[in-house]
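For reference, the structure discussed in these notes is given below.
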Amino acid sequence: LVFTEEDKYGLYSNLLFKYFLAEGVVCGHDLFVASAKEPPDNILKELPAPLLDDTYRKELGEEATALKSEDFEDSMKIAWRYQNLPKMEASPTTSTKFGHYYDVSKTMSPELFQSTKWHSFYLPEELPLQPKMKTWNTNSAYARLLQSIQRIIYQEGFDGSDPQKKQKNILRIGIQSLGSMLWGDDICSSDSPKDIHSLTKFLYVLRGLLRKSLSACIITVPAHLIQ
């Protein structure tokens with residue numbers, strides 16, 4: 001669970017949020033995007049474009065070739081009396097990069113989304129569907145979000161059950177501006193909030209869901225608004 005504090009203008013946290021989701025698309029993970037202020041499909045349309053063009057592939061190829069040539073040169077330098085001794089590897093010989101690079105000046109092409117399975121939770125559309133509810137002693141919006149995440153985890157097999165039925169995958173969950181007034185949380189607007197522990201209870205239950213499932217989550221929080 002990655003908990004990111006939003007800066008006053010929401011620039012850096014928003015960038016990290018989109019990077020996390022974009023990496024999920026490139027890696028073929030399932031996505032779950034939740035927001036109370038903008039439709040999740042709008043967020044996904046603004047994900048940065050990955051640098052997966054020929055230049056990037058050529059760069060990887062050149063690095064691998066350079067490593068091979070270095071190994072060859074090293075073997076030529078070894079004196080004849082050491083050549084029959086086993087060679088010790090100090091570092092991996094393959095070129096491995098963690099994650100991918102992205103161009104934030106461009107948005108991801110729609111073709112990349114075609115094979116991506118994603119789920120959305122947009123609060124203004126979710127609340128009118130059912131009457132107000134309180135579960136786990138949290139406010140209605142948090143309870144509805146927890147139920148939605150739990151449903152996806154169990155229905156899509158991210159709880160680790162039925163390992164023979166489908167190939168394992170990872171669910172990447174992104175929750176935007178949690179704790180703001182748009183989520184119906186009054187910790188931002190009242191000196192004596194009615195649901196003062198709603199946010200912490202939500203996070204406590206969410207952590208439990210993440211621990212027993214194949215999922216990872218990023219949350220941005222407007223901490224400068226919370227009293």
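Worth saying up front: this structure is predicted, and the values here are computed from it rather than measured. Along the sequence shown, residues are numbered consecutively beginning with 1.
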Quiz item: Got a donor-acceptor contact below 3.5 angstrom from the W183 side chain to the S177 backbone?
Solution: yes
Exercise. Go through the steps for I175 and I218 under the test side chain to side chain contact (heavy atoms under 4.5 Å, CB included), then give the verdict.
Key: CA-CA 6 Å; I175 306 174; I218 188 170; over 6 Å; no
Quiz item: Are H100 and C27 side-chain neighbours, meaning at least one heavy-atom pair lies under 4.5 Å?
Solution: yes
Quiz item: How close do T200 and H197 get, heavy atom to heavy atom, and via which atoms?
Solution: OG1-O, 3.0 Å
Quiz item: Any sub-3.5 Å donor-acceptor pair from S35's side-chain atoms to P40's backbone N or O?
Solution: no
Quiz item: Does S148 have any side-chain contact (heavy atoms from CB on, under 4.5 Å) partners at least two apart in sequence or in another chain, and if so, which?
Solution: F32, F121, R151
Quiz prompt | Check: Y204 side chain, L199 main-chain N or O, donor-acceptor pair, under 3.5 Å | solution = no
Quiz prompt | Exercise: identify the closest heavy-atom pair between M108 and A22 | solution = CE-CB, 3.7 Å
Donor-acceptor pairs under 3.5 angstrom involving side-chain atoms of residues 205-217: please list them, not counting sequence neighbours.
unit_1, atom_1, unit_2, atom_2, d
K212, NZ, Y154, OH, 3.1
S213, OG, L209, O, 2.6
S213, OG, S215, OG, 2.5

Self-check item: I170 reachable from V26 in the ILVMFWY side-chain graph, under 4.5 Å edges
Solution: no
Practice problem: Examine distances only and state if a side-chain atom of D7 and a backbone atom of L11 form a donor-acceptor pair shorter than 3.5 Å. | Solution: yes
Practice problem: Start with the C-alpha gap between E5 and H224, add the side-chain angles, then the distance that decides, and say whether side chain to side chain contact (heavy atoms under 4.5 Å, CB included) holds. | Solution: CA-CA 9 Å; E5 182 179 340; H224 59 282; 5.8 Å; no
Quiz item: Taking C-beta and beyond as the side chain, do W118 and V25 meet within less than 4.5 Å on heavy atoms?
Solution: no
Quiz item: Side chains of I173 and I149: does their closest heavy-atom pair fall under 4.5 Å?
Solution: yes
Exercise. Identify, with sequence neighbours excluded, every residue that meets side-chain contact (heavy atoms from CB on, under 4.5 Å) alongside S109.
Key: E111, L112
Quiz prompt | Side chain proximity check, L171 to I152, heavy atoms < 4.5 angstrom | solution = yes
Self-check item: Salt-bridge present (K117, E156; N to O < 4.0 Å)
Solution: yes
Self-check item: Between CG on residue L146 and CG on residue L203, distance to nearest 0.5 Å
Solution: 9.0 Å
Practice problem: Could you pull out the closest heavy-atom pair between E126 and S120, with the gap in Å? | Solution: OE2-O, 4.4 Å
Quiz item: Which pairs, with at least one residue in residues 12-22 and sequence neighbours excluded, count as a side chain to side chain donor-acceptor pair (under 3.5 Å)?
Solution: K18-E46
Exercise. Not counting sequence neighbours, which residues clear side chain to side chain donor-acceptor pair (under 3.5 Å) with N169? List them please.
Key: D30
Exercise. Name all residues meeting the side-chain contact (heavy atoms from CB on, under 4.5 Å) criterion together with P124; count only those two or more places apart in sequence or in a different chain, and write none if there are none.
Key: Y122
Quiz item: Checking T220 side chain against E6 main chain: does a donor-acceptor pair fall under 3.5 Å?
Solution: no
Practice problem: Please lay out, stage by stage, how Q176 and I43 fare under the test side chain to side chain contact (heavy atoms under 4.5 Å, CB included). | Solution: CA-CA 10 Å; Q176 190 182 58; I43 296 171; 3.7 Å; yes
Quiz item: Rounded to the nearest 0.5 Å, how far does CZ of R172 lie from OG1 of T116?
Solution: 11.0 Å
Quiz item: Does some side-chain heavy atom of D185 sit less than 4.5 Å from a side-chain heavy atom of Y142?
Solution: yes
Exercise. Please check if L145 and L182 belong to a single hydrophobic cluster, counting links between Ile, Leu, Val, Met, Phe, Trp and Tyr side chain heavy atoms closer than 4.5 Å.
Key: no
Quiz item: Under the side chain to side chain contact (heavy atoms under 4.5 Å, CB included) criterion, do I219 and F17 qualify, and how do the steps go?
Solution: CA-CA 8 Å; I219 296 176; F17 188 79; over 6 Å; no
Self-check item: Any L44 side-chain heavy atom under 4.5 Å of F113 side chain
Solution: yes
